[in-house]
Number of protein chains: 2
Amino acid sequence: MMMRLEEAIKQKEFKDPYNKLVVNLLYTHSYLVTAQNGLFKPYDLSPEQYNVLRILRGQNGKPLTVSSIQDRMLNKMSNASRLVEKLKSKELVQRVECPTDRRQVDVSITEKGYQVLNELEKQVSEFNHSVINLGESEVIQLNELLDRLRK
Amino acid sequence: MMMRLEEAIKQKEFKDPYNKLVVNLLYTHSYLVTAQNGLFKPYDLSPEQYNVLRILRGQNGKPLTVSSIQDRMLNKMSNASRLVEKLKSKELVQRVECPTDRRQVDVSITEKGYQVLNELEKQVSEFNHSVINLGESEVIQLNELLDRLRK
DNA sequence: GTGAATTTAATGTATATACATTTAAATACC
DNA sequence: GGTATTTAAATGTATATACATTAAATTCAC
């Protein structure tokens, strides 16, 4: 049930390709996260919470401060402090006051966090393939275009 | 200050291009809406509220029911009912009980809604060009890939 | 060294998203 | 025709986003 954007949102035409592209990116994003939510729901994690876990694991045990997590997050405007609080209440991360700078907080993934993440990871990877209806060379091309799109 | 995704989120590498693409789409979306918010802010409209106005204007005066608006929205999960309420309180749309089916509500754009929309439209179009750092043929290519990506 | 400026995280508030539930009206079924 | 089912919109609740403000600790400037 592939659909051109124009059919999907019942719009006759766009002013020009640039205007269509902005709408297309918004629409494709919605398509993606709607599917993603179903994947994360059974684990009681949101996509951004999963992403924070992934970021922490990438540190190989070394903790990250809240602001460093924020820097690495996909959505720069979201609130790392509150996401960390949510993950902590699920015992997936731990927060320790940084000894060299008491303003900062060292956040690291817990054993339980690793377990949940590893379990989810395989499914996420399969999902990412299944949700994208393109061949590998097209996917590479799309990545290049998106990387260059942003100024 | 163009950056490959890997630099932007300080991640060494991705498992494969499909996994990178999902993250790339999420990240590019965030880049886009962050910029968009600045554009809409002075008009006290959110991007989705703007989109609803645009949808209603596309009807050339004919009203749409709340569920038809929902169908045409970019985010199928968002709440058309509450967005319409917000727009009504700003007097940008009007709501009339549908005479043939009292469950339904006919929503249409007001004169004031037209004015705001027309004023914004030029800026939005300029913005859409300026935010995309690609040539027209690449933009067309990107649109085609996104349309095919979705199943 | 003391006060000003900056940095880090947390908090407050409004809006939006995600999804379940409710209410009312219309349609289907017997 | 009366009950059951379906449909449309609204509402409830939790989470997330966007952005301003606050509080505490650190750094800078003199």
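Proteins come first, then strands; the chains are lettered A, B, ... in the order of their sequence lines, and each starts at number 1.
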(request) Nearest whole angstrom, please: distance from the P of dT8(C) to the CG of Asp106(A). (result) 13 Å

(message) So Glu85(A), base contact, sugar-phosphate only, or nothing? Heavy-atom distance under 4.0 Å.
(response) nothing

(request) Would you indicate, yes or no, if dT15(C) has its OP1 or OP2 atom less than 4.0 angstrom from a side-chain nitrogen or oxygen of Ser46(B)? (result) no

(request) Measure from CG on Asp101(A) to P on dT27(D) and round the result to the nearest Å. (result) 6 Å

(message) Expressed as a whole number of angstroms, how long is the span from Phe40(B):CZ to dT15(C):P?
(response) 17 Å

(request) State whether Ser81(A) places a side-chain N or O below 4.0 Å from either non-bridging phosphate oxygen (OP1 or OP2) of dA10(C). (result) yes

(message) Go nucleotide by nucleotide along DNA chain C from the 5' end; which of Met73(B) and Val84(A) gets its closest nucleotide reached first?
(response) Val84(A)

(message) I want to confirm an ordering. Mapping Asn37(B) and Arg103(A) to their closest nucleotides on DNA chain D, which one lands closer to the 5' end?
(response) Asn37(B)

(request) To the nearest Å, give me how far apart CD (Gln104(B)) and C1' (dA10(D)) are. (result) 14 Å

(request) Can you tell me the distance, in whole Å, between the CZ atom of Arg102(B) and the C1' atom of dA25(C)? (result) 7 Å

(request) Consider the side chain of Met77(A), meaning its heavy atoms from C-beta on, and name the nucleotide among dA25(D), dC19(D), dT17(C) that approaches it most closely. (result) dC19(D)

(message) Just to be sure I understand the rule, does Asn79(A) reach a base, reach only the sugar-phosphate, or reach nothing, if contact means heavy atoms closer than 4.0 Å?
(response) base

(message) Between Ser68(A) and Lys41(A), which residue's closest nucleotide on DNA chain C lies nearer the 5′ terminus?
(response) Ser68(A)

(message) Quick one about Glu121(A) and Asn118(A) (side-chain donor to acceptor, distance below 3.5 Å, no hydrogens or angles considered), yes or no?
(response) no

(request) Send over the distance from Lys86(A) NZ to dA16(D) C1', rounded to a whole Å. (result) 8 Å

(request) For the side chain of Arg82(A), starting at C-beta, report the closest nucleotide among dT15(C), dC19(C), dT11(C). (result) dT11(C)

(message) Can you see whether Arg4(A) engages Asn143(B) through a side-chain donor-acceptor pair at a distance of less than 3.5 angstrom?
(response) no

(request) Scan side-chain atoms only and decide if Gln36(A) and Tyr31(A) contain a donor-acceptor pair under the 3.5 Å cut-off. (result) no

(request) Output yes when at least one side-chain N/O atom of Arg95(A) is less than 4.0 Å from OP1 or OP2 of dA10(C), else no. (result) yes

(request) Would you indicate what Thr34(A) reaches in the nucleic acid, counting non-hydrogen atoms under 4.0 angstrom: base, sugar-phosphate, or nothing? (result) nothing

(request) For Ala80(B) and for Asn75(A), locate the closest nucleotide of DNA chain D by heavy-atom distance; then report the residue assigned to the nucleotide nearer the 5' terminus. (result) Ala80(B)

(message) Less than 4.0 angstrom between a side-chain N/O of Ser67(A) and OP1 or OP2 of dA9(C), yes or no?
(response) yes

(request) Check the side chains of Glu119(B) and Tyr114(B) for a donor-acceptor pair under 3.5 angstrom, ignoring hydrogens and angles. (result) no

(request) Check the distance between dA16(C)'s P and Leu26(A)'s CG and give it to me in whole angstrom. (result) 14 Å

(message) Looking only at the side chains, is there a donor atom on one of Asp101(B) and Gln104(B) sitting less than 3.5 Å from an acceptor on the other?
(response) yes

(request) Name the nucleic acid region contacted by Gln49(B), choosing base, sugar-phosphate or nothing; use a 4.0 angstrom heavy-atom cut-off, strictly under. (result) sugar-phosphate

(message) At 4.0 Å (heavy atoms only), tell me whether Glu97(A) reaches a base, stays on the sugar-phosphate, or touches nothing.
(response) nothing

(request) Whole angstrom is fine here: how far is it from CG in Leu83(B) over to P in dT17(D)? (result) 17 Å

(message) For a quick check under 3.5 Å, do Thr65(A) and Asp106(A) share a side-chain donor-acceptor pair by atom type?
(response) no

(message) Is the phosphate of dA16(D) approached by Ser78(A) (side-chain N or O, under 4.0 Å from OP1 or OP2)?
(response) no

